[in-house]
S.K.: 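Sharing a structure, written as structure tokens. Questions coming.
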Amino acid sequence: MVKSIVLVGVGGQGTILVSKILTAGLLKLGYDVKMSEIHGMSQRGGSVTTMIKYGDKVYAPNIGIGEADMIVSFEKIEAVRALPYLKKGGIIVTDDREIHPMSVLTGAAEYPHDALDKLGETVENLTVLKANEIAEELGNVRVSNVVLLGSLVKKMGLDQEGIDWKELVGNMVPAKAKEINLLAFERGYAL
Amino acid sequence: MEKVILSGDEAVARGAYEGGCTVAAAYPGTPSTEILEDVVKYKDNIYCEWSCNEKTAAELVSGASIGGARALVTMKHVGMNVATDPIFTMGYAGVNGGMVIVSADDPGCHSSQNEQDNRLYAPHAKLGMLEPSDSQECKDFTVAAFELSERFDVPMLIRMTTRICHAKSIVELGERNEVGVRKYERNTGKFALLPAVARRRHVAREEMLKKMEEYSNDCPFNTVETHEGNTVGIITSGVSYQHAKEVFGETADFLKLGLTYPLPHKLMKEFAEKYETLYVIEENDPYLEKEVKALGFTNAIGKEKLPICDELNAQIVREALTDAAKPELYQGFEVPGRAPALCAGCPHRGFFFALSKRLDKVVPVGDIGCYALGSAAPLNGFDYSICMGAGISSLIGLAKALELQGDKRKALGMVGDSTFFHSGLTSLINAVSSQANIVACILDNSITAMTGHQDNPGTAKNLMGEPTPIVDIVSLVKATGIDDDHIAIVDPIDLKTVEEALDKAIASDGVYVLITKRPCVMIKEVARANAGKHCRINTEKCKNCKMCMKIACPAISLKDGRPVIDESSCTQCGLCMEMCHFGAIEKVGA
């Protein structure tokens, strides 16, 4: 059995770091894992997509439309953009953060503030988190990615014996930001 | 041995280390960049550098190979177009130390101007070719490539794709094979490719390729997987093997090709004749399919059902080749697009804003680099872009064509500092020699930015972290014979100066060079210096005219109908302050 997760966000949000930590954890849990990332121009504020597949044996590294068991989104409308990947009955977990793209900043387009309400009417399994609010409470909005990770680990049942997720997080984030990231993970896990 | 999770790029770097490589060079390009960024971890064993361009990198590595070193050169697919001149010659000459060329192709054009299939270069340049299908193979094939290169006296091409380069999977590490450097001995009959030598080398190469094809028929890289009772046969290579395997599992037999030039014709025949249903599954061009059909297996199904355009995934293969029902999808709804944009504080923004007010006077031409992001609305920075260097050289022809139709607009192009060193200098020399009537802008942000901040000849250090002399762009420009009156050097954030310089440049005759000079805000040292600095809008002074929003800065957005500055992304470049007529934008922080 292979599970497929699509993680989406905006360049600079730490989507890839969360994917790397998740991948390292899944490897530790004994799964075969493949992680595929599309970046390059995305660090300039574009959409970022990473794909993780894990199970007994994983072949293809990327995920096609209608193939994902789960979408994890770090931003509201990115969750909507990733919707075609979701399998019927699949799960979406998203932060309720809004990051306005250039078309909205210049007034050429309107940001759909109600995007998650509409998404909730479309899919059966939508969890909306306030990861960015928690991160702001902790003092740095940039750790909202790790808040989301904490929540995911619990939601996906990956908090198994033989793995210390906090140790993994601690090892993979910048040393000076270790403490706040550990707090972020705890807060996410407690959600 | 230790098992780790590596991307394909990281695995090639590891393979170079384990395979006894001693010299490596590249010009950065997505999705190949991370290979050399990882090779530098082994700098005690491997000399490595960012070269000026792919051709100089390939020439450096050709020299290293002739000199006896195992050498690696890596590039993105379009980079190989630049590098093929030396590579084709090395295809005839052969090697001394093993020579390995990595081409990282980009099916789906994730970050490229095309999705050319560089497998076609292997038969064209007469190189051996390996196609890994995961990170373990990336490492193992790289180690093997050095050995095969020396054994068959041929440069080896390793052809990767984005989903191989940027996908991480498990790799078992090995030890370094310390082969040392082969002794250099003068051998003009092999390496001095004058016509008489070239004719002989061509014969030798064809003979060697025949021997290599025999090897290809019986080598560990080309493998057959069969299961009792299967009636479907699949021939595939690279990441397409993974897609096919995911769809068909053990319900089809596989001929998985890893050594894809010379192709194992005997093995392919033996496999193909067993199946009534024969699929050839590959991304982009029908490279394998044409060979299979040429062997007489016209029943083979490939591009009749699978797309030539874009990358593959398992779902596309499933829909094309099986009866499986199409997955039911959720109906989404339209949301605003999110194209990448110039960063907050990007020095290019000032240049593009000034240029945007003069679009009636110029035909603007782009090039490859971060400034490509200036092409979008509202800056509308350029009409076309072709390849590296064309931001200057194509102006020569464009200016002629405009003149011939009585179009008075000036041909104005832009290249970055790294692009100028890559191929812009020869373009500029050409323009001077052509007595062209153009404006060449060099947007110098002191780094190769788009690919993730690599050093170039204009920066003070190299890939290995050693200090290097700075090659001065202004001196180079002057050395082409352009006089001081036709050169302007401006700070792109100083709008008034940029606008004056642009007006003067557009009004001038001959070749005018406008250099904008300000470092990228994402360079670590620059970011550190800007930490804590930002701008703020004084709401009492703000008249809500929204002039500050015209520069399309991602740090400025509308909140409740009024502009606000995001303090975490603002770098205090001050461009918006120049826009404000009411002095409502203030600097905050050190």
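Chain letters run A, B, ... following the sequence lines, proteins first and then strands; every chain starts at 1.
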S.K.: Are any non-hydrogen side-chain atoms of A:Asp32 and B:Ile170 less than 4.5 angstrom apart?
M.R.: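 The answer is yes; the side chains approach within 4.5 Å.
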S.K.: Is there a side-chain contact between B:Lys559 and A:His100, using heavy atoms and a 4.5 Å cut-off?
M.R.: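 No - every pair of side-chain heavy atoms lies 4.5 Å or more apart.
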S.K.: In Å and rounded to the nearest 0.5 Å, what is the OG to CZ distance from B:Ser568 to A:Arg142?
M.R.: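 Nearest 0.5 Å value for the OG-CZ distance: 8.5 Å.
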S.K.: Quick check: does any side chain N or O of B:Arg338 sit under 3.5 Å from a backbone N or O of A:Ile99, one acting as donor and the other as acceptor?
M.R.: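 Flag set: sc B:Arg338 to bb A:Ile99 pair under 3.5 Å.
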S.K.: CG/A:Leu83 to OH/B:Tyr330 distance, rounded to the nearest 0.5 angstrom?
M.R.: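 One gets 8.0 Å once the value is rounded to the nearest 0.5 Å.
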S.K.: When heavy-atom pairs shorter than 4.5 Å are enumerated against chain A, which of B:Gly332, B:Ala372, B:Pro554, B:Gly249 gives the highest number?
M.R.: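 Among B:Gly332, B:Ala372, B:Pro554, B:Gly249, the one with the most close pairs to chain A is B:Pro554.
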S.K.: For A:Ser103, which atoms come within 4.5 Å of any heavy atom of chain B: side chain, backbone, both, or neither?
M.R.: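 For A:Ser103, the side chain is the part near chain B, not the backbone.
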S.K.: Pairs in or reaching into residues 116-138 of chain A: which pass salt bridge (Lys or Arg N to Asp or Glu O under 4.0 Å), with residues at least two apart or in two chains?
M.R.: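 Output for this query lists A:Asp96-A:Lys130, A:Glu137-A:Arg187.
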S.K.: Measuring heavy-atom distances to chain B, does A:Met35 have an atom under 4.5 Å in its side chain, in its backbone, in both, or in neither?
M.R.: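 Contact with chain B: backbone and side chain both.
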S.K.: Among the options B:Val335, B:Val239, B:Ile164, B:Thr162, pick out the one with the most heavy-atom pairs lying under 4.5 Å from chain A.
M.R.: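 Counting heavy-atom pairs under 4.5 Å, the top option is B:Val335.
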S.K.: Tell me, side chain or backbone of A:Leu27 under 4.5 Å from chain B's heavy atoms, or both, or neither?
M.R.: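 Only the side chain of A:Leu27 comes within 4.5 Å of chain B.
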S.K.: For a 4.5 angstrom cut-off between non-hydrogen side-chain atoms, does A:Ser36 reach B:His166?
M.R.: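 No - every pair of side-chain heavy atoms lies 4.5 Å or more apart.
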S.K.: For A:Val104, is it the side chain, the backbone, both, or neither that has a heavy atom closer than 4.5 Å to a heavy atom of chain B?
M.R.: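 For A:Val104, the contact with chain B is made by the side chain alone.
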S.K.: Of all of B:Arg163, B:Lys546, B:Lys3, B:Met549, which one pairs up most often with chain A through heavy atoms under 4.5 Å apart?
M.R.: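 Between B:Arg163, B:Lys546, B:Lys3, B:Met549, the count favours B:Arg163.
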S.K.: At a heavy-atom separation under 4.5 Å, does B:Gln331 approach chain A through its side chain, its backbone, both, or neither?
M.R.: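 It is the backbone, since no side chain atom gets that close.
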S.K.: So which residue, B:Pro31, B:Gly337, B:Pro327, ends up with the most heavy-atom pairs under 4.5 Å with chain A?
M.R.: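 Ranked by contacts with chain A, first place is B:Gly337.
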S.K.: Starting at CD1 of B:Ile5, measure out to NZ of A:Lys28 and round the result to the nearest 0.5 Å.
M.R.: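 With rounding to 0.5 Å, CD1 (B:Ile5) is 13.0 Å from NZ (A:Lys28).
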S.K.: Looking only at heavy atoms, which of residues 143-170 of chain A get nearer than 4.5 Å to chain B?
M.R.: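 Heavy-atom contacts from residues 143-170 of chain A to chain B are absent.
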S.K.: Hey, does the side chain of A:Arg81 reach the backbone of B:Pro336 with a donor-acceptor pair shorter than 3.5 angstrom?
M.R.: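 Answer holds: yes.
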S.K.: Using only non-hydrogen atoms and a strict under-4.5 angstrom cutoff, which residues of residues 55-65 of chain A touch chain B?
M.R.: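 So the qualifying residues are A:Tyr59, A:Ala60, A:Pro61, A:Asn62, A:Ile63, A:Gly64, A:Ile65.
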S.K.: Measure distances from A:Tyr54 to the heavy atoms of chain B and classify the residue's part below 4.5 Å as side chain, backbone, both or neither.
M.R.: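 Interface part for A:Tyr54: neither.
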S.K.: At a 4.5 Å cut-off on heavy atoms, which part of B:Asp134 comes close to chain A: side chain, backbone, both, or neither?
M.R.: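 Contact with chain A: side chain only.
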S.K.: With only heavy atoms counted, which part of B:Pro378 is less than 4.5 Å from chain A, the side chain, the backbone, both or neither?
M.R.: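 Interface part for B:Pro378: side chain.
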S.K.: Let me know if B:Ile316 has heavy atoms under 4.5 Å from chain A in its side chain, its backbone, both or neither.
M.R.: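 Contact with chain A is absent: no heavy atom of B:Ile316 under 4.5 Å.
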S.K.: Can you give me the closest heavy-atom contact between B:Ser557 and A:Leu105, atom names plus distance?
M.R.: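 B:Ser557 and A:Leu105 have their closest heavy atoms at CB-CD2, 3.1 Å.
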S.K.: Measure distances from B:Cys553 to the heavy atoms of chain A and classify the residue's part below 4.5 Å as side chain, backbone, both or neither.
M.R.: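 When you check distances to chain A, only backbone atoms of B:Cys553 fall under 4.5 Å.
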S.K.: Could you list the residues that satisfy ring-ring contact (aromatic ring centres under 6.0 Å, His included) with A:Tyr85, not counting sequence neighbours?
M.R.: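 Residues passing ring-ring contact (aromatic ring centres under 6.0 Å, His included) with A:Tyr85: none at all.
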S.K.: So what's closer than 4.5 Å to chain B heavy atoms on A:Lys53: side chain, backbone, both or neither?
M.R.: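 Side chain of A:Lys53 only, per the 4.5 Å heavy-atom cut-off to chain B.
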